[in-house]
There are 2 protein chains.
Amino acid sequence: MAHSRPTLHDVATLAGVSKSLVSLALAGSPKVSDLSRTRIVAAAAELGYRPNAAARSLKVRRTHTIGVLILDLHNPVFAEILDGVQTEVRQHGFSTMLISGSSDPALEQAEIETLLRFQIEGLILIAHRLPETILRTVAAEVPTVVVTRDDLDIPQMDSVSNDDVDGARMAVDHLVGLGHRRIVHLNGGDNPVSHARSEGYRRAMTDHGLAEFIQVVPGGLTDAAGFAATSEALGYHPTALFVANDVAAMGAIAAIENANLSVPEDISVIGYDGIRIGGMRRVNLTTIAQPLAELGRQAAQHMLRRISDRDSPAQHEQLSATLVIRGTTGPVTSRNS
Amino acid sequence: MAHSRPTLHDVATLAGVSKSLVSLALAGSPKVSDLSRTRIVAAAAELGYRPNAAARSLKVRRTHTIGVLILDLHNPVFAEILDGVQTEVRQHGFSTMLISGSSDPALEQAEIETLLRFQIEGLILIAHRLPETILRTVAAEVPTVVVTRDDLDIPQMDSVSNDDVDGARMAVDHLVGLGHRRIVHLNGGDNPVSHARSEGYRRAMTDHGLAEFIQVVPGGLTDAAGFAATSEALGYHPTALFVANDVAAMGAIAAIENANLSVPEDISVIGYDGIRIGGMRRVNLTTIAQPLAELGRQAAQHMLRRISDRDSPAQHEQLSATLVIRGTTGPVTSRNS
DNA sequence: ATGAAAGCGCTAACAT
DNA sequence: ATGTTAGCGCTTTCAT
């Protein structure tokens with residue numbers, strides 16, 4: 001940085017007062033005379049003065065900034081959760097600093113490290129995949145709330161999630177209600193959310209007396225993963241697919257149509273998340289919808305609470321999802337029964 | 001923040017050395033004895049020491065952090081551009097701090113203000129909608145590069161964009177090549193990108209001798225906007241629609257299908273951007289694809305260059321888009337000619 | 001190889 | 001109402 005920005009000192013000199021008075025005036029203190037205040041404000045404007053947050057935070061030990069880690073910006077789910085977070089924190093005078101995860105988990109940790117060095121006051125982790133040990137350390141240092149995961153019980157760390165086991169059950173119930181039995185599950189890979197959804201699938205299948213039809217195909221949470229996993233799934237001649245998330249479900253549908261089968265006539269498909277794009281008629285995806293913005297809003301509330309009371313006991317909020325029936329699921333027909 | 005984090009001083013005391021030596025050791029200086037280094041590293045680890053970036057930046061006047069403003073996290077375009085930015089800046093030892101725009105432009109400015117107070121070294125604006133005066137001020141203070149806009153000529157501010165006029169022309173050329181004449185354009189609202197695309201449409205239509213068929217329907221850049229604008233567009237009985245962007249194009253298709261017409265048999269639709277989801281078979285959208293990640297990468301490169309040479313002349317990079325023909329456009333048939 | 005001291009820009013007693 | 005001063009945590013000469 002070649003040009004050095006004007007400082008409080010410069011403003012003070014120009015206005016012909018002391019640094020402290022400038023500080024006071026700019027903070028809106030009532031004990032500054034109108035004359036001085038006017039002069040100071042004018043001087044600041046003239047110089048294009050902008051307070052140095054680093055210096056300020058060094059002194060007051062607050063930044064009014066919370067960090068947000070989003071696993072994958074490509075998945076619209078996270079943008080929708082973030083909406084909720086932002087509206088809520090802004091109302092309370094906080095800003096957010098986002099970082100996005102990358103394919104490399106080590107980078108993710110490094111990014112969090114950066115955030116912490118900037119003295120953020122809290123951290124919201126959206127669908128992270130940090131190891132528990134790291135999480136413990138982080139949560140001990142800074143108020144932390146995790147969104148979309150509830151499998152961890154770490155002191156001083158709150159979580160807000162939806163009940164994935166129950167949501168998965170709703171998906172299976174819906175399909176069974178349509179007469180399906182050979183329901184294959186494309187799972188979302190090795191992460192807690194996907195595990196929970198798989199677990200819900202297994203339990204629901206079992207409860208419906210369909211244990212013998214349980215079939216879990218390894219997949220992932222991206223459209224590419226959904227596409228790729230589908231060829232294996234088709235080998236089991238399913239009449240319906242329950243896919244780990246909406247994005248992967250869209251990939252699965254593409255693969256099904258690529259195989260010259262149609263949805264839902266030959267195979268019904270249900271996703272999970274309730275991303276907006278799934279509601280577009282072109283896509284028209286039946287899904288288990290999470291209250292995404294609400295998830296974000298609650299996460300922010302927990303965060304704010306924890307910032308003012310660091311040591312309050314860990315809270316784990318669980319919101320329920322809802323079944324949204326659209327066009328990719330239908331009754332079993334003679335074509336696929 | 002109740003608990004105060006350990007400082008260099010604490011580490012020094014524990015290791016039994018001076019603050020300066022700790023600083024040196026942690027910076028990897030070779031003039032620290034192995035013994036001291038080991039002790040210092042151990043002490044730092046034991047205390048969970050994390051350098052305070054605010055203090056550091058105050059001293060060294062560098063943050064190695066660049067700020068990125070993304071207009072709308074919901075539009076997948078921006079995530080893809082960001083990918084390019086991130087890979088590039090990381091390779092050069094920089095981190096990014098993201099902020100996302102909101103419906104309220106004033107908030108957007110406030111967010112940038114926050115970023116600047118944190119002493120970011122550069123600012124990348126992706127599809128912002130800041131007024132030119134603000135932009136000038138910002139660009140004068142911090143290296144700035146704008147992505148997806150090229151209409152501004154501001155000193156010390158670079159831009160990276162695609163040639164929207166030319167891209168729009170390609171879209172029209174494609175449709176005309178398929179025999180379409182009644183090509184209606186759903187524009188993207190009052191912003192420079194949309195203006196350029198509309199302009200390209202008009203020029204291309206004129207060049208093809210189709211000036212009498214020019215019809216621009218006001219719309220927006222979201223799926224809802226595309227959906228809404230389509231009913232007016234249908235009033236002109238088009239055989240093809242050129243929509244301002246992919247997301248809106250998906251909305252338009254939904255509206256067309258809602259009206260019991262089919263794509264492309266009754267109406268062809270072409271979008272703009274080349275978002276990944278458009279490539280899914282379910283969507284299968286013909287589009288003008290921008291080199292999104294490349295846009296981001298180049299933006300980052302300009303940024304980095306400008307950080308090391310503040311006063312280099314403004315550069316305006318323009319990358320070209322490519323026509324991607326998929327399933328939503330087809331030849332004019334007896335049904336719609 | 002190590003330490004002492006100064007100072008980055010700011011705020012907050014405290015003094016006047 | 002305004003100024004003086006100390007110090008937040010760090011890096012960086014400059015001594016030793």
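All heavy atoms count here, side chains included; hydrogens, waters and symmetry mates do not. Letters A, B, ... mirror the listed sequences (proteins, then strands); counts begin at 1.
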Could B:Asp158 and B:Arg305 be called an ion pair, given the rule that one side-chain N must be under 4.0 Å from one carboxylate O? yes
State whether B:Arg90 and A:Glu111 are salt-bridged, where the test is any N-O pair (Lys NZ or Arg NE/NH1/NH2 against Asp/Glu carboxylate O) under 4.0 Å. yes
Specify the separation, in whole Å, of atom [atom1] of [X] and atom [atom2] of [N].
X: B:His9; N: C:dA5; atom1: NE2; atom2: P; result: 14 Å
X: B:Leu58; N: C:dG9; atom1: CG; atom2: C1'; result: 5 Å
X: B:Phe118; N: C:dG9; atom1: CZ; atom2: C1'; result: 15 Å
X: A:Leu8; N: D:dG3; atom1: CG; atom2: P; result: 12 Å
X: B:Asn52; N: D:dG7; atom1: CG; atom2: P; result: 18 Å
X: B:Arg56; N: D:dC8; atom1: CZ; atom2: C1'; result: 17 Å
X: A:Gln119; N: C:dC10; atom1: CD; atom2: C1'; result: 15 Å

Do B:Lys59 and C:dG7 have a side chain to base donor-acceptor pair shorter than 3.5 Å? yes
Heavy-atom closest pair (B:Gln86 atom, B:Thr96 atom, distance to 0.1 Å) is OE1-OG1, 2.7 Å
In the structure I gave you, are the side-chain heavy atoms of A:Ser159 and A:His316 within less than 4.5 Å of one another anywhere? yes
Just checking B:His92: does its NE2 atom have more than 12 heavy atoms from other residues, nucleotides or ligands closer to it than 6.0 angstrom? yes
Is any side-chain nitrogen or oxygen of B:Arg37 closer than 4.0 Å to OP1 or OP2 of C:dA1? no
Looking at C:dG9, I'd like to know if its phosphate oxygens (OP1 or OP2) sit under 4.0 Å from a side-chain N or O belonging to B:Arg61. yes
Taking for each residue the nucleotide of DNA chain C with the nearest heavy atom, is it B:Val17 or B:Ala55 whose nucleotide lies nearer the 5' end? B:Val17
Does anything in residues 42-51 of chain A reach DNA chain C, meaning a heavy atom under 4.0 Å, and if so which residues? A:Tyr49, A:Pro51
Heavy atom of residues 19-33 of chain B under 4.0 Å from DNA chain C: which residues? B:Ser20, B:Leu21, B:Lys31, B:Val32, B:Ser33
Hey, mind stepping through B:Leu125 and B:Ile70 against side chain to side chain contact (heavy atoms under 4.5 Å, CB included) and telling me if it holds? CA-CA 7 Å; B:Leu125 303 170; B:Ile70 296 194; over 6 Å; no
Quickly, which of A:Gln290, A:Gln318, A:Glu294 forms a side chain to side chain donor-acceptor pair (under 3.5 Å) with A:Asn162? Name it, please. A:Gln290
For B:Ser57, answer base if it contacts any base atom (sugar-phosphate contacts may also be present), sugar-phosphate if it contacts only those atoms, and nothing otherwise; contact means non-hydrogen atoms under 4.0 Å. nothing
At what distance, to the nearest 0.5 angstrom, does CG of B:Leu82 lie from CG of B:Leu295? 12.5 Å
B:Thr144 side chain vs B:Val142 backbone, donor-acceptor pair below 3.5 Å: yes
